[in-house]
Every structure is written in structure tokens, then in C-alpha cells.
Protein chains: 2
Amino acid sequence: MEYKFVIIDHALEIYVGAIALIFTILGIWLALKLNKPKLQTVLVEKEIYIQKQEPGFVPDDAMLLKMGISKREWEVLSLMSQGFSNQEIANQLFLSLNTVKTHGSNLFFKLEVKRRTQAIEKGKRLGLIG
Amino acid sequence: MEYKFVIIDHALEIYVGAIALIFTILGIWLALKLNKPKLQTVLVEKEIYIQKQEPGFVPDDAMLLKMGISKREWEVLSLMSQGFSNQEIANQLFLSLNTVKTHGSNLFFKLEVKRRTQAIEKGKRLGLIG
DNA sequence: GGTAAAATCACCCAAAAGTATGAGTGATAA
DNA sequence: TTATCACTCATACTTTTGGGTGATTTTACC
């Protein structure tokens with residue numbers, strides 16, 4: 001009952017309000033529609049640090065031979081030094097994760113180190129990687 | 001009373017025992033003394049590859065500032081690049097393992113990398129470490 | 001053809017690394 | 001005084017690494 005009266009008493013106001021709302025929305029819609037082609041290009045600068053990879057680096061074959069490091073082991077070491085995980089190395093060389101681990105273990109043994117970071121450090125010192 | 005009788009009754013045995021003990025010890029001491037020069041010196045040649053560490057390397061302060069890397073974070077990065085484990089770094093810097101991990105995580109975030117090996121690689125490229 | 005080294009992969013287990021979150025302190029700047 | 005920041009540390013959890021072992025398959029060479 002009470003709601004009914006309210007509605008009847010303020011029918012006009014409600015009506016006006018509804019119209020206002022509708023046209024407000026219409027206005028917004030129009031504005032958006034018309035503004036669409038006003039595409040603005042925002043330039044975002046993203047600094048990329050290019051790898052200053054030794055351009056003409058050549059691994060020390062004599063040292064590789066001396067340490068008894070095989071081709072595959074060297075490849076793994078090289079990728080490790082570039083920050084790749086074992087899984088990523090496996091993907092790149094089309095090997096299983098286990099194989100990469102095996103190469104890694106053999107590598108560590110031959111280089112007499114315990115961790116990949118040490119292997120990288122020693123590999124660079126010995127001129128095995130660039 | 002009883003103890004007294006025991007001592008008197010076996011005075012001789014006790015005396016002999018004491019002598020035996022003393023000379024046993026003397027014998028042992030002598031043997032050790034005479035055996036000392038038996039030490040043999042073995043010379044083992046071990047090849048050491050000296051780190052061709054940049055002699056006068058200076059971290060790029062501007063880059064450090066740019067990347068927002070703090071002193072502690074830089075220290076951790078530097079030790080990481082030398083092949084130390086988090087635990088070893090913690091010991092050297094008198095920090096807890098967890099603190100080193102925290103510094104590491106913040107470092108990786110700032111360098112936009114996911115692993116210590118990548119952090120090392122990027123750190124070198126940016127001239128943060130030698 | 002036999003043999004040795006290299007390469008491949010599996011499985012299991014343990015250790016190290018890394019993530020997420022919260023929190024306390026001291027120094028310093030607004 | 002509040003706000004910020006570097007530094008410290010903790011707990012809990014997930015992922016990655018590394019060690020050990022064993023096995024099969026290439027590859028290269030005599």
C-alpha cells in the first residue's frame with residue numbers, strides 16, 4: 001500500500017529521473033562512439049640490454065681435451081652459463097631432463113666442482129666458455 | 001678400619017701394580033716419542049688455475065642505482081657469481097640463510113630474472129660485477 | 001665383429017634454491 | 001610525527017638441482 005502511494009505521488013519525478021538516466025547513458029555511449037577513432041599512440045620505451053657475447057670466442061680445445069669434456073657436456077655447460085634451467089636446456093637440445101642432469105653431473109665431476117655456478121665460473125676461467 | 005686392613009694386607013701387590021702402571025705409561029710415552037719422526041712428507045702437485053679477475057674492476061654505480069640494487073643485494077650477487085651457495089654466503093656475511101634468500105629474491109626481481117645463473121649473467125652484462 | 005667411449009634415459013632420494021607472506025628494527029626524509 | 005626504506009629473520013611451501021645407480025643405444029675405431 002505504502003509503496004503504491006509513493007509511486008503514485010512521485011510518478012512524475014520517477015519518470016523524469018528515468019529519462020535523465022537513459023539520456024545520460026545515451027550521451028556516454030555517443031561520446032565513446034565518436035571518440036573511438038581518436039586513437040592515441042603511447043610510446044613506451046623498454047630498455048633491452050643486448051648480450052655483449054664475445055663475438056669471436058673460441059673454446060680452448062686443448063683445455064677441453066685435457067679436462068675430458070665431451071661435446072654434449074660442453075653444450076650443456078654453455079647453456080647453463082647463459083642462465084637456462086636443466087629443463088630449458090633439455091628442450092633446446094631435444095633431450096630428456098634426466099639426460100641433461102647426467103651430462104651436468106659428469107661435467108661437475110670433470111671440473112671438480114659441486115654446483116653449476118662453480119662450473120660456470122671455472123669454465124670461464126679455463127676458457128671453455130665465453 | 002676395613003680399608004686399612006685391605007691396604008696393609010695387599011701393600012706389596014699395590015706397590016707392584018703401581019710400578020707396572022708407571023712403566024707401562026713410560027713405555028707408551030717412549031714409543032710415541034721415538035715414532036714421531038716417522039712422519040712422511042708427501043708432495044702432491046696440484047694445478048691451480050688463477051682467476052683472471054678483472055684487476056681493477058669497479059661496479060657501475062650508475063647502473064646499480066638505476067636498477068635500485070642495494071649494497072647487501074650487490075654483495076650477495078657478487079658472492080653468487082663466485083659460485084658460493086646461499087648457506088656459504090650467509091656464513092661469510094654473518095647472516096641467516098633466510099636473509100640471503102630474501103636478498104636473492106629481491107635481486108632477481110630487480111634484475112627481472114628467475115635464477116641465480118641468470119642474475120650472474122645479467123649482472124656481468126650490466127657491469128655490476130666483474 | 002668386437003670394443004670402448006659417448007650419449008641416452010629412468011628411478012629414487014636428498015639438498016639447495018626459490019616463492020610468498022609477515023614482521024620487527026633503525027635510520028632518515030617529509 | 002608519520003612515512004619510507006634497507007636490512008634482518010621466520011615459517012611454510014614448491015621447484016630445481018644434484019647424487020647415486022643402472023641400463024640401453026649409438027658412434028667410432030681397431
Side-chain angles (χ1 to χ4, degrees), chain A residues 59-126 128-129, chain B residues 59-126 128-129:
Chain A
D60 185 339
D61 283 344
M63 188 57 82
L64 281 172
L65 200 64
K66 183 174 183 175
M67 306 302 278
I69 292 171
S70 72
K71 194 173 94 247
R72 262 326 200 197
E73 286 160 359
W74 178 83
E75 290 179 302
V76 169
L77 173 61
S78 179
L79 291 173
M80 278 181 172
S81 79
Q82 287 167 56
F84 293 108
S85 69
N86 285 338
Q87 185 58 66
E88 288 167 344
I89 294 172
N91 297 147
Q92 287 188 47
L93 299 182
F94 302 101
L95 296 177
S96 82
L97 174 59
N98 287 317
T99 302
V100 174
K101 286 194 196 176
T102 300
H103 287 317
S105 287
N106 294 334
L107 193 57
F108 297 161
F109 175 75
K110 291 175 180 175
L111 286 179
E112 299 175 307
V113 297
K114 294 234 157 289
R115 280 181 286 281
R116 62 191 21 237
T117 45
Q118 291 180 337
I120 294 167
E121 198 268 339
K122 188 152 190 178
K124 295 209 174 197
R125 245 174 37 222
L126 299 187
L128 306 181
I129 50 180
Chain B
D60 186 339
D61 284 345
M63 188 56 83
L64 280 172
L65 198 65
K66 185 171 185 175
M67 306 302 278
I69 292 170
S70 73
K71 193 174 93 248
R72 256 339 196 190
E73 286 160 358
W74 179 83
E75 290 179 303
V76 169
L77 173 61
S78 179
L79 291 173
M80 278 180 173
S81 80
Q82 288 167 56
F84 293 109
S85 69
N86 284 337
Q87 187 58 65
E88 288 167 343
I89 294 172
N91 296 147
Q92 288 187 45
L93 298 182
F94 302 101
L95 296 178
S96 83
L97 175 59
N98 287 317
T99 303
V100 174
K101 285 186 183 184
T102 299
H103 286 317
S105 286
N106 294 334
L107 189 59
F108 298 161
F109 175 75
K110 290 175 181 176
L111 286 178
E112 299 174 303
V113 297
K114 293 235 157 287
R115 280 179 286 280
R116 69 216 275 110
T117 45
Q118 291 180 339
I120 293 167
E121 197 268 339
K122 189 152 189 178
K124 295 211 174 194
R125 247 174 33 221
L126 300 187
L128 306 180
I129 50 181

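Between B:Ile89 and B:Val76, the shortest heavy-atom contact is CD1-O, 4.0 Å. Counting all heavy atoms, side chain and backbone alike, B:Leu126 lies closest to B:Met63 at O-CG, 3.6 Å. Smallest separation of non-hydrogen atoms from A:Glu73 and A:Lys110: OE1-NZ, 2.9 Å.
Ion pairing of B:Lys114 with A:Glu88 is absent here, as no side-chain N (NZ or NE/NH1/NH2) approaches a carboxylate O to less than 4.0 Å. Classification of B:Glu75 and B:Lys71 as a salt-bridged pair fails, no side-chain N sitting under 4.0 Å from a carboxylate O.
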Counting primed atoms plus P, OP1 and OP2 as sugar-phosphate and everything else as base, spell out the protein contacts along nucleotides 15-26 of chain D at 4.0 Å heavy-atom distance: B, S or - for each nucleotide, 5' to 3'.
--BBS-------
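Residue A:Leu93 contributes atom CG, which lies 8 Å from atom P of C:dT8 at whole-angstrom precision. B:Phe109 has its CZ atom 10 Å from the P atom of C:dA20, to the nearest Å. The interatomic distance linking A:Ile89 (CD1) with C:dT8 (P) rounds to 13 Å, in whole Å. Spacing between atom NE2 of B:His103 and atom P of C:dT19 amounts to 15 Å, rounded to whole angstrom units. Rounding to whole angstrom units, CD of residue A:Glu75 and P of C:dA6 are separated by 15 Å. Here the C1' atom of nucleotide C:dA6 and the CH2 atom of A:Trp74 are 17 Å apart, to the nearest Å. Spacing between atom CG of B:Leu107 and atom C1' of D:dA6 amounts to 14 Å, rounded to whole angstrom units. Atom CG in B:Asn106 sits roughly 14 Å away from atom P in C:dT21 (whole-Å rounding).
Taking the side chain as every heavy atom from C-beta outward, B:Leu111 and B:Leu128 approach each other to under 4.5 Å. Considering only heavy atoms from C-beta on, A:Met80 comes within 4.5 Å of A:Asn86 through its side chain.
B:Ser96 comes within contact range of the sugar-phosphate backbone alone, with a heavy-atom separation under 4.0 Å but no base atom that close. Here B:Ser70 lies in heavy-atom contact (under 4.0 Å) with sugar-phosphate atoms only.
Contact check, A:Thr99 against C:dC9: a side-chain N or O comes under 4.0 Å of OP1 or OP2.
Under a 3.5 Å cut-off, the side chain of B:Ser81 and the backbone N or O of B:Ser78 do form a donor-acceptor pair.
Residue A:Glu121 holds its CD atom at 9.0 Å from CZ of B:Phe84, rounded to the nearest 0.5 Å.
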Dump every N/O contact between nucleotides 26-30 of chain C and the protein below 3.5 Å, one line per pair.
none

